[in-house]
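Following: one structure in structure tokens, then a few remarks.
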Amino acid sequence: MEIQKETSTAPLTEPSKKNTTKYSIIKWIIPLLKSKTGMLGISIVAIVCFTAVFAPLLAPYKPEKVDFSAISTPPFWMDGGSFNHILGTDNLGRDLLSRIIYGAQISLLVGISSVGVAGVIGVIIGLTSGYYGGLVDTLLMRFVDANIAIPSILFALVVLGFMSPTIITLIIVIGVSSWIGYARVVRSEVLSLKEREYVKAAKSIGVRNGTIMRRHLLPNVSSSVIVIATTSVATTIITEASLSFLGLGPQAVTWGKVLSDGRDYLSTSWWIATFPGIAITITVLGIIFLGDYLRDMLDPRIQE
Amino acid sequence: MKYFLNRTAQVIPVLLIVSFILFFLVHISGDPVDIMLSENATEEDRETLRQSLGLDKPFIIQYFIFLTNMITGDFGKSIIYGQAALPIVLERIPATFELMLASIILSTAIAIPLGVLSAVKRNSPIDLLISGISILGKAMPNFWVGLMLILLFSVNLKIFPVSGTGSVFHLVLPAITIGSAMAAQMTRLLRSNMLDVLSQDYIRTAKSKGVKRLSIVYIHALRNSLLPVITVIALQISTLVGGALITETIFSWPGLGQLTIEAINARDMAVVQACVITIAVFVIIVNLIADLIYRFVDPRIRY
Amino acid sequence: MNRKSVVFTFTLILLLILSGCTTVGNQSENGKSAADKKEDRELKIGIPNDIKTFDIHNHNQVLTEAVHINMFNYLFKRQADTKVETELVDTYKLIDDVTWEFKLKEGITFHNGDPLTADDVEFTIERVAKDKTLAEHSNMEVVKDVKVVNDTTFQIITDDPQPTLINLLSRIGSGILPKNYIEENGWDHFLNKPVGSGPFKFVDWSRDNRIVFEPYEKYFEGKNEEWDKLVFRVIPETSTRINELLTGGVDIITEVTPNDIARIDENEETKAVSTPSQRVTILALQHREGYPTSDPKVREAIELAINNEVLVEQILKGEAVAVRTRVTPGNFGADPSLYDTYLYDVERSKELLAEAGYGDGLELSLSIPTGYYLKGDEISQAIKAMLSEVGITLNIEFSEYNRYIELRNSGEFGDMYFGAYGNSLFDASIALDMFASENGEKRIGYSNQEVKELFNSALTNMDTEEREKQYQKIQQIVAEERPFIYLYLQNEAYGIREGLNFKPRVDSMLYTPDITRN
């Protein structure tokens with residue numbers, strides 16, 4: 001397996017890519033250190049991921065722990081605040097810091113899983129469509145058009161409005177409504193890749209289609225897919241927040257939910273909505289920076 | 001011409017797929033009868049209503065009825081309004097269209113100067129500031145921008161009305177809210193396009209021939225960078241309509257978006273279906289037009 | 001040089017944009033203040049959703065009726081103090097137990113000039129009593145027949161004796177429709193250009209935007225002189241509604257959430273007012289065999305574990321009253337001993353659970369629709385925390401409203417469901433129907449022979465005093481057996497501009513002739 005990868009990917013990628021001749025760590029690290037925004041992006045993302053993974057260890061309280069004696073406590077630097085609740089509490093006395101820490105877990109889970117769903121669907125459709133062409137292509141591209149015609153937030157709203165919103169439905173809905181980007185890019189790359197000699201050669205010696213797609217085409221489109229996937233996580237986090245805002249998000253502790261819980265109290269307890277809002281914005285910024293950096297590194301040709 | 005016909009013919013299967021997805025979604029969502037009747041209604045009342053709505057027939061038959069009705073423009077009766085759904089939906093299009101147009105104009109008006117400026121002043125503090133703002137514009141949720149704009153410009157500064165319709169001033173805040181993300185994206189795209197073009201040979205040639213810098217920027221670079229911007233507008237229509245859903249609700253703007261949300265909340269299937277199909281047709285048409293313009297402007301493009 | 005000119009150009013553009021903004025600002029400011037003076041006699045009310053329709057029989061939404069009440073007249077009208085008085089009716093009498101005879105006032109006309117006669121009444125009531133597809137049908141099907149005696153006299157004949165007929169005639173969907181106008185122009189025309197006989201006449205309805213009325217010059221009680229124009233503006237987003245009030249965009253807003261009251265009061269030009277409503281929040285408990293809640297001890301333990309005071313004071317900021325019944329004062333059959341009271345005793349609750357065999361803990365489920373009830377999410381989380389104090393683990397199961405209704409109506413909701421119900425009949429019968437009807441038995445499996453007998457007898461009992469006793473007795477039994485655990489009666493809060501006289505009504509109607517300026 002290892003050997004095959006070495007022999008098949010390395011020379012094959014060469015004609016199409018400028019920067020990724022070899023996956024050597026040094027070639028990644030040096031420009032990363034040079035790129036300030038790239039560093040910033042990767043640090044933010046790393047911190048958020050760390051928080052999400054170790055949430056139970058980091059959070060001072062359980063996110064749903066209600067405390068009637070500490071309702072709407074302000075953050076510690078304000079009058080009436082205390083170090084028991086560093087960022088204050090909400091209308092049920094739940095600790096905001098803990099909710100944001102646990103929120104990172106679910107928000108990231110939703111973000112990454114739905115991007116995974118979208119990526120798998122999009123790559124499969126893009127590969128098949130580009131590789132086989134003809135009727136298959138026409139048919140699949142009509143599906144793409146149909147998906148473009150329904151704005152993804154509208155699709156999500158209709159589905160979640162008519163079904164009980166759980167985390168699973170949310171992941172599937174966002175995934176199913178946002179695969180077009182992958183499909184389009186993968187398809188156009190495959191269209192040019194399949195004209196290359198090594199693909200034609202593989203075909204002529206009777207390698208099965210599935211194998212060609214998996215072994216020769218997939219590795220070559222992976223860098224574009226990674227770039228799209230990274231920025232999609234940011235979009236997903238915002239979509240989830242928007243759905244929660246409209247009251248159609250899942251009833252789990254996500255950033256969007258914490259934020260929309262707090263918007264009723266903007267005038268009296270501003271901190272409830274502000275901190276999750278900041279968490280969302282910073283994370284999204286981090287992901288955008290990271291995405292920009294990855295794009296520059298992996299595939300300068302992709303436009304947004 | 002042949003291309004045009006081809007492209008138009010492709011719309012039909014797309015609409016078929018959209019309508020099927022939609023019907024399927026609404027169908028699996030359950031029985032609307034319970035929320036239409038009052039608390040004390042009997043089982044018999046329910047059955048009568050179910051029959052009058054055609055809900056007692058099998059799935060495929062219901063879909064065929066739905067499809068044939070749809071072609072004739074009949075989406076059924078709205079639960080909320082007790083009237084045919086399509087006219088209710090169609091009467092909302094002008095409001096949404098007005099808002100879309102305003103936000104496209106506004107975001108282009110913001111993006112072009114900012115994009116050019118930051119390309120010309122590459123890596124200067126101004127460039128950094130503009131890049132910063134445009135990234136922030138992408139990172140902030142739509143609804144958040146809307147709420148903050150109201151607080152700042154309506155409640156504190158009292159410059160614009162909070163919500164509703166009536167004058168061109170009512171249009172400004174919602175248009176900015178919807179357009180902010182697009183403006184951000186256009187700025188970034190314009191900047192990188194400009195940088196690309198500015199480094200091309202013919203610009204260098206022009207420079208060396210002593211053509212004034214300003215006219216280089218305007219006449220050569222900007223013109224060549226604008227084409228992709230048109231594509232962004234076309235591609236963003238779908239997202240823009242999506243943004244209208246939330247923004248219209250915040251600003252009490254009586255367009256398609258607010259109607260859709262209201263219909264979803266009231267489980268008014270007829271209106272939801274009519275809304276989604278209308279939006280889909282709208283997006284398809286805009287994309288088609290953009291496609292044709294693009295092909296006309298730049299004949300190298302092949303599909 | 002070149003660089004400078006670029007900078008110069010863009011500074012110029014920016015300045016232009018900015019100056020554009022400021023002139024825009026000035027204009028709108030000026031426009032507004034001028035408008036304020038000119039449109040002083042325009043009353044603008046911000047409501048959270050649009051009315052459903054002008055078909056008075058095909059909605060069961062309080063807000064829609066709250067707007068309709070300004071343009072239709074009723075045979076009997078509930079007054080601000082909840083007493084029912086005659087409106088279109090001059091005199092009435094009971095001929096026998098099932099036959100009522102009414103005489104209309106003279107000289108009442110619809111907005112199109114037609115006189116309002118007994119024919120219109122017959123047309124209106126028979127429509128809703130006969131047409132099964134109308135949303136209000138089930139409430140009015142007790143009417144068997146309407147007989148026109150002459151132009152101003154008619155009789156209503158009911159199936160059984162109907163002690164609540166007058167209440168029925170004054171509740172949602174009981175306005176009187178213009179028969180000739182509808183028959184001549186058709187329903188669609190009426191729905192777009194409705195005609196009534198009330199103090200205000202219809203001018204315009206732009207959906208999800210605004211509904212506009214004007215005073216009716218020939219109103220039989222005299223033209224309204226206080227207002228020249230009445231505008232209901234649809235503003236769904238709560239914070240936008242409040243911001244419109246604060247900036248003077250509207251004069252009154254409805255559905256103010258408890259936490260926003262402080263913000264409205266802080267502003268000098270606005271204030272919040274509230275009144276107890278008719279809406280009572282409940283937990284319904286499963287009575288079927290096999291569920292832990294079928295044990296009366298468990299049910300009592302749940303009620304004792306919930307501290308209603310905390311729910312009312314902390315979460316609803318005092319905008320509610322703890323209750324143990326749905327029949328609150330102002331309703332016929334109210335039992336004052338169950339109002340403004342609650343049971344709370346954690347120790348006793350633990351003992352009861354131990355006696356019932358759940359000393360080591362108990363797991364229960366609660367069904368609730370997402371985002372439907374005021375603060376439903378927070379209240380249920382608070383109840384979960386309270387129940388955990390006595391060793392009950394509560395699993396809150398959120399579902400989409402339609403699904404919730406399905407679960408509720410079929411009895412598959414698990415151990416408990418959360419709900420809140422109003423009462424536009426102002427009579428105990430609606431509130432207690434659940435405990436005596438098949439509907440209720442199907443949902444929670446509660447059945448009590450004594451309650452059924454009392455209820456069915458009260459339904460047709462024309463002896464007011466005895467009927468009241470019967471209803472009170474049912475409430476005592478229910479409070480003991482706990483098919484429902486009552487939590488609180490919600491207040492309804494409004495925001496108004498200073499200088500308006502507006503008293504919120506218990507029935508949530510926005511009856512504008514009662515609203516005046518100082």
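Any value given below was found using the heavy atoms of this structure, including those in side chains, with hydrogens, waters and symmetry copies removed. Letters A, B, ... mirror the listed sequences (proteins, then strands); counts begin at 1.
Heavy-atom neighbours of chain A within the stretch residues 237-246 of chain B, taken at a separation under 4.5 angstrom, comprise B:Ser238, B:Val241, B:Gly242, B:Leu245, B:Ile246.
Listed options B:Ala139, B:Gly257, B:Ala263, B:Cys275 were ranked by heavy-atom pairs under 4.5 angstrom with chain A; first place goes to B:Ala139. Your options are B:Ile284, B:Val286, B:Ile279, and the one with the most heavy-atom pairs under 4.5 Å with chain A is B:Ile279. Heavy-atom pairs under 4.5 Å with chain B peak, among A:Ile238, A:Thr239, A:Thr235, A:Thr138, at A:Ile238.
Residues forming a side-chain contact (heavy atoms from CB on, under 4.5 Å) with B:Thr247 (at least two apart in sequence, or on another chain): B:Asn142, B:Pro174, B:Thr177, B:Ile178, B:Phe251.
Within a 6.0 Å sphere centred on CZ of B:Phe20, other residues, nucleotides and ligands contribute more than 12 heavy atoms.
Contacts of B:Pro141 with chain A are made by both backbone and side-chain atoms, with heavy-atom separations under 4.5 Å. When heavy atoms are compared at a cutoff of 4.5 Å, B:Ile250 approaches chain A solely by way of its side chain, counted from C-beta outward. Neither the backbone nor the side chain of B:Ile277 comes within contact range of chain A; no heavy atom of the residue lies under 4.5 Å from a heavy atom of that chain. Residue contact with chain A, scored on non-hydrogen atoms closer than 4.5 Å, involves the side chain of B:Val283 exclusively. For chain A, no part of B:Leu15 is nearby; none of its heavy atoms comes within less than 4.5 Å. Looking at A:Ala234, neither its backbone nor its side chain comes within 4.5 Å of chain B, counting heavy atoms on both sides.
In this model, a donor atom of one side chain and an acceptor atom of the other lie less than 3.5 Å apart for A:Thr254 and A:Glu240. In this model, a donor atom of one side chain and an acceptor atom of the other lie less than 3.5 Å apart for A:Thr166 and A:Thr169. For B:Gln258 and B:Ser252, the side-chain atoms include no donor-acceptor pair closer than 3.5 Å.
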Derivation and outcome, side chain to side chain donor-acceptor pair (under 3.5 Å), residues A:Asn91 and A:Tyr265 = CA-CA 8 Å; A:Asn91 193 40; A:Tyr265 302 96; 2.6 Å; yes
message = I'd like to know whether B:Leu189 forms a side chain to side chain contact (heavy atoms under 4.5 Å, CB included) with B:Met186, so could you lay out the CA-CA distance, the side-chain angles of the two residues, the decisive distance to 0.1 Å, and finally the verdict.
response = CA-CA 5 Å; B:Leu189 184 64; B:Met186 272 204 295; 5.6 Å; no
query = Under the side chain to side chain donor-acceptor pair (under 3.5 Å) criterion, do A:Ser224 and A:Tyr182 qualify, and how do the steps go?
reply = CA-CA 8 Å; A:Ser224 318; A:Tyr182 305 90; over 6 Å; no
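Here side-chain hydrogen bond (donor to acceptor under 3.5 Å, both in side chains) pairs that include residues 274-291 of chain A, with residues two or more places apart or in two chains, number zero.
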Enumerate, atom names and distances included, each donor-acceptor pair closer than 3.5 Å involving a side-chain atom of residues 143-163 of chain A, sequence neighbours excluded.
from, atom 1, to, atom 2, distance (Å)
A:Asp145, OD2, A:Arg142, NE, 3.2
A:Asp145, OD2, A:Arg142, NH2, 3.1

